[in-house]
Amino acid sequence: MREFETFPLCAFFKFVSKAVKEGDCKLVRDALRRYGGNTPLIAFPMGELATRERFRCVRDGSWATYGYVPGLNPTAAGQVSIYELIDDHDVREDLKLRGVM
């Protein structure tokens, strides 16, 4: 348990919002492109409008995205399975560049 006590609380920033209209996805992409901090940023929109953004956010600079495990329910609308994410060539390559995969 001692390891948990010393884990840095600000290992990354997470910025997630629900896309209600098409422009909402662009706002998150713009935030990713403009982010200049040293702490890794995980950012993506949620919702049915944002399904493709789960793939695109990694290409736009998000350090990760979230997918559900098949057989279990998605935790948010528009979420894709982890297998769909891993099968996407661009997502795989971007995550490798960041040392996540």
Side-chain angles (χ1 to χ4, degrees):
M1 198 53 121
R2 189 141 283 271
E3 295 84 18
F4 181 74
E5 292 172 4
T6 59
F7 187 79
L9 293 177
C10 56
F12 61 87
F13 291 127
K14 180 180 173 189
F15 173 67
V16 179
S17 64
K18 184 174 181 184
V20 184
K21 58 187 186 295
E22 193 58 42
D24 295 341
C25 294
K26 184 180 180 321
L27 290 173
V28 175
R29 281 195 307 273
D30 290 346
L32 275 167
R33 290 183 185 126
R34 287 192 309 249
Y35 179 68
N38 293 327
T39 303
L41 176 64
I42 297 173
F44 55 86
M46 297 183 300
E48 295 302 326
L49 286 174
T51 299
R52 286 302 312 157
E53 297 298 319
R54 297 288 181 146
F55 299 91
R56 189 177 196 168
C57 69
V58 175
R59 285 175 270 192
D60 287 340
S62 180
W63 274 76
T65 188
Y66 295 80
Y68 70 89
V69 176
L72 301 175
N73 293 329
T75 57
Q79 192 175 47
V80 297
S81 79
I82 57 171
Y83 296 118
E84 289 174 274
L85 291 167
I86 292 170
D87 284 345
D88 185 274
H89 177 267
D90 292 329
V91 170
R92 238 184 4 259
E93 291 305 305
D94 287 333
L95 291 175
K96 282 180 188 175
L97 285 173
R98 291 177 179 84
V100 176
M101 226 176 122

Side chain T39, main chain F12, donor-acceptor under 3.5 Å: no
On a heavy-atom basis, the closest approach of I42 and S62 is CA-OG, 3.4 Å
In short, ring-ring contact (aromatic ring centres under 6.0 Å, His included) pairs touching residues 18-47 with sequence neighbours left out are F44-Y66
Taken in chain and number order and not counting sequence neighbours, the residues that satisfy side chain to side chain contact (heavy atoms under 4.5 Å, CB included) with L27 are D24
By side-chain hydrogen bond (donor to acceptor under 3.5 Å, both in side chains), K26 pairs with (sequence neighbours left out) D30
>> I'd like to check L41 versus L32 (side-chain heavy atoms, cut-off strictly below 4.5 Å). Are they in contact?
In response: yes
For I82, the hydrophobic cluster (side chain heavy atoms closer than 4.5 Å, chained through members) also holds V69, L72, Y83
Hits for side chain to side chain contact (heavy atoms under 4.5 Å, CB included) against L49, two or more places apart or cross-chain, chain-then-number order -> A19, E22
Residues at least two apart in sequence or cross-chain that pass side-chain hydrogen bond (donor to acceptor under 3.5 Å, both in side chains) with R56, listed by chain then number, are none
Residue pairs meeting salt bridge (charged side-chain N to carboxylate O under 4.0 Å, His left out), one or both in residues 38-48, sequence neighbours left out, come to none
OH (Y68) and CG (L85) are apart, to the nearest 0.5 Å, by 10.0 Å
Here the side-chain hydrogen bond (donor to acceptor under 3.5 Å, both in side chains) pairs for residues 73-82, sequence neighbours left out, are T75-Q79, S81-E84
When every non-hydrogen atom of C57 is compared with those of A43, the smallest separation belongs to CB-O, 3.3 Å
Note: A77 and R54 closest approach over all heavy atoms is O-NH2, 4.1 Å
Requested in this report: Taking the side chain as every heavy atom from C-beta outward, state whether F55 and V80 have any atom pair closer than 4.5 Å.
Outcome: yes
- [ ] Under the side chain to side chain contact (heavy atoms under 4.5 Å, CB included) rule, what do R29 and E53 come out as? Steps first, then yes or no, please.
- [x] CA-CA 9 Å; R29 281 195 307 273; E53 297 298 319; 2.7 Å; yes
Sorted by chain and number, sequence neighbours left out, side-chain hydrogen bond (donor to acceptor under 3.5 Å, both in side chains) with R59 holds for D90
Original post:
Does the side chain of I86 reach to within under 4.5 Å of the side chain of V91, using non-hydrogen atoms?
Top reply: no
Contacts of D94 meeting salt bridge (charged side-chain N to carboxylate O under 4.0 Å, His left out) (sequence neighbours excluded), chain-then-number -> none
Residues joined to V20 in its hydrophobic cluster, side chain to side chain under 4.5 Å directly or through other members, sorted by chain and number, are none
